[in-house]
> 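One structure coming up, written as structure tokens, with questions to follow.
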Amino acid sequence: MPPGHSVPEADSDLDYMARAIRLAELGRYTTDPNPRVGCLLVREGEVVGEGWHRRAGEPHAERLALAAAGARARGATAYVTLEPCCHQGRTPPCTEALIEAGVARVVCAMVDPNPLVAGKGLDALRAAGIETLLGVSRAEASALNPGFIKRMEQGRPYVRCKLAASLDGRTALASGESKWISSEASRSDVQRLRAGSSAILTGIGTVLADDPGLDVRLSASELPGMTPNDPIRRPLRVVVDSHWRMPPEARMLALPGRTLVVGAESRPEPMAALQAAGAETLRLPARAGRVDLVALLEELARREINEVLLEAGPRLAGAALSDGLVDEIILYQAPCLMGQGARGLFELPAITAMSDRVALEILEVRRIGPDLRIRARPDPGRIG
Ligand code: AOF
Ligand code: ZN
């Protein structure tokens with residue numbers, strides 16, 4: 001153990017960190033593009049202050065907890081779900097506030113992947129004589145911010161692919177009709193998924209077939225951590241439309257929130273018509289005549305998009321999965337059968353050997369109303 005590190009990961013450290021993680025979760029629907037962070041200050045077994053980061057531009061979790069504790073912060077232990085920042089961003093460094101308040105020990109779950117911090121926050125605390133402990137409940141804390149972490153570390157957002165299917169894995173009739181496979185309960189769950197996402201990504205095929213709104217129809221009082229008058233964050237809608245077929249009359253363009261239409265060729269006329277309808281248009285490099293999805297995700301990360309919800313048909317979903325761009329699948333399975341002729345979830349190349357099948361790891365299975373909700377992640381290592 002290097003000097004300045006405390007050794008024991010006592011039960012109480014785990015318990016207090018669990019509380020800090022619950023606080024951080026309250027920011028699920030508001031902190032974007034900042035990470036969700038919670039902080040607890042404990043002195044002699046008593047919680048003397050707590051805080052959670054609510055919104056970019058507003059105070060960080062540590063500063064709120066320190067403000068709540070006042071003079072009782074002196075000698076206290078701070079439990080923080082992310083390494084305290086040491087840089088001047090929209091707000092001043094948390095390390096300085098912790099040092100000034102006389103906090104004796106800082107326990108944090110993980111290093112801040114932001115290169116402006118990345119270990120330097122902990123260094124600053126140790127240099128000021130504060131004892132530090134890193135790594136308590138790291139996995140749980142990482143799960144709060146998969147998108148922020150992936151964007152900082154890899155320059156790409158975290159992609160969740162949302163799908164609805166029958167029990168026999170079919171998603172639409174041969175005619176393309178796909179509305180309302182899943183129940184009301186699953187649809188409101190999707191609303192919460194959207195509300196926590198930075199962007200919703202779909203393909204032109206879905207727009208032409210369903211004319212979806214891709215909006216959040218919840219009010220603040222329906223989302224944990226939000227107060228009734230809080231403005232709802234509206235995820236950016238992104239339509240992959242390689243050949244500019246998007247109609248300017250598309251329903252989503254008339255709804256509140258921004259829409260970005262991304263094509264693979266330069267076609268001034270349809271682009272201008274979409275701009276006149278309120279959309280932003282962007283041309284990205286093509287791969288085999290289609291928008292290069294890697295280039296798209298990198299562009300979204302540059303725009304501080306942390307979490308992308310992919311709500312697309314089998315073609316775009318299949319392309320994203322084949323390219324290894326899907327981090328997580330969320331599948332709502334309805335208790336019905338759709339039979340022969342109905343379409344599957346992902347258009348993937350036909351495989352000839354079982355060893356070529358796409359392996360998944362199931363992360364979670366839940367019942368939502370009459371449906372099943374399965375969370376899984378592609379697990380390329382498992383088969384082959
Ligand atoms: C913390 N506590 O609660 C959060 C942190 O522009 P700013 O000032 O809000 O800084 C944003 C960066 O600060 C963000 O990218 C991340 O590195 C860190 N977030 N740090 O100590 C917090 N939300
Ligand atoms: Zn900070």
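It should be emphasised that the depicted structure is a prediction, and the values quoted were computed from it without experimental measurement. All ligand and atom numbering here is 1-based and tracks the order in the structure.
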> Give a yes/no verdict on whether any heavy atom in A56 is under 4.0 Å from an atom of ligand 1.
no
> Any nitrogen or oxygen of D112, main chain or side chain, under 3.5 Å from a nitrogen or oxygen of ligand 1?
yes
> Quick one: do the N306 and S198 side chains pair a donor with an acceptor below 3.5 Å?
no
> Quick test of your reading of the structure: of R151, H60, R63, whose heavy atom lies closest to atom 5 (C) of ligand 1?
H60
> Can you establish whether the number of heavy atoms outside R315 located under 6.0 Å from its atom CZ is more than 12?
no
> Is R377 salt-bridged to E361, going by a charged N under 4.0 Å from an acidic O?
yes
> Would you indicate whether the side-chain heavy atoms of F148 and N114 approach each other to under 4.5 Å?
yes
> Under 3.5 Å, is there a donor on one side chain and an acceptor on the other for T281 and Q275?
yes
> Test S188 against Q191 for side-chain hydrogen bond (donor to acceptor under 3.5 Å, both in side chains), laying out the working first.
CA-CA 5 Å; S188 19; Q191 283 287 312; over 6 Å; no
> May I ask you to say whether E364 pairs ionically with R373, meaning some side-chain N is under 4.0 Å from a carboxylate O?
yes
> Answer yes when E328 and K150 have at least one side-chain N-carboxylate O distance shorter than 4.0 Å, and no when they do not.
no
> State plainly whether the residues R22 and E25 are in salt-bridge range, i.e. N to O under 4.0 Å.
no
> Run the numbers for me: atoms of ligand 1, each under 4.0 Å from some heavy atom of F148, listed by number.
14 (C), 15 (O), 16 (C), 17 (O)
> Suppose I only count heavy atoms of P84 and a 4.0 Å limit; which atoms of ligand 1 are within that range?
21 (O)
> Please state which protein non-hydrogen atom is closest to atom 19 (N) of ligand 1 and give its distance, to 0.1 Å?
P35 CG, 3.6 Å
> What protein N/O/S atoms sit under 2.8 Å from the Zn ion (ligand 2), by chain and number?
H60 ND1, C85 SG, C94 SG
> Looking at ligand 1, would R36 count as a contact under a 4.0 Å heavy-atom criterion?
no
> Does the side chain of R28 come within less than 4.5 Å of R36's, by heavy atoms?
yes
> May I ask whether W52 places a heavy atom under 4.0 Å from ligand 1?
no
> Below a 4.0 angstrom heavy-atom separation, can you tell me which part of E62, side chain or backbone, both or neither, approaches ligand 1?
side chain
> Heavy-atom distance under 4.5 Å between the side chains of R156 and E298, does that happen here?
yes
> Number the atoms of ligand 1 from 1 as they appear, then name those within less than 4.0 Å of a heavy atom of G89, with their elements.
6 (O), 8 (O)
> Identify the closest protein heavy atom to atom 6 (O) of ligand 1: which residue and atom is it, and at what distance?
R90 N, 2.7 Å
> If you measure from the Lys or Arg side-chain nitrogens to the Asp or Glu carboxylate oxygens, is any gap between D123 and K120 under 4.0 Å?
no
> Looking at atom 3 (O) of ligand 1, what's its closest protein heavy atom, distance included?
A61 N, 2.9 Å
> Using a 4.0 Å cut-off to any heavy atom of V37, which atoms of ligand 1 qualify?
2 (N), 3 (O), 4 (C), 22 (C), 23 (N)
> Assign the ring pair Y16 / Y79 to parallel, tilted or perpendicular, where the plane angle (0 to 90°) is split at 30° and 60°.
tilted
> Do the charged groups of R303 and E299 touch, with an N to O distance under 4.0 Å?
yes
> What about V117: any of its N or O atoms under 3.5 Å from an N or O on ligand 1?
no
> Where is the nearest protein heavy atom to atom 15 (O) of ligand 1: which residue, which atom, and how far?
N114 ND2, 3.1 Å
> Considering distance alone, does some N or O of C85 sit under 3.5 Å from an N or O of ligand 1?
yes
> Does E347 use its side chain to pair, donor to acceptor, with the backbone of G318 at less than 3.5 Å?
no
> What is the closest protein heavy atom to atom 11 (C) of ligand 1, and at what distance does it sit?
N34 OD1, 3.4 Å
> Which residue owns the protein heavy atom closest to atom 23 (N) of ligand 1, what's the atom, and how far is it?
H53 CD2, 3.3 Å
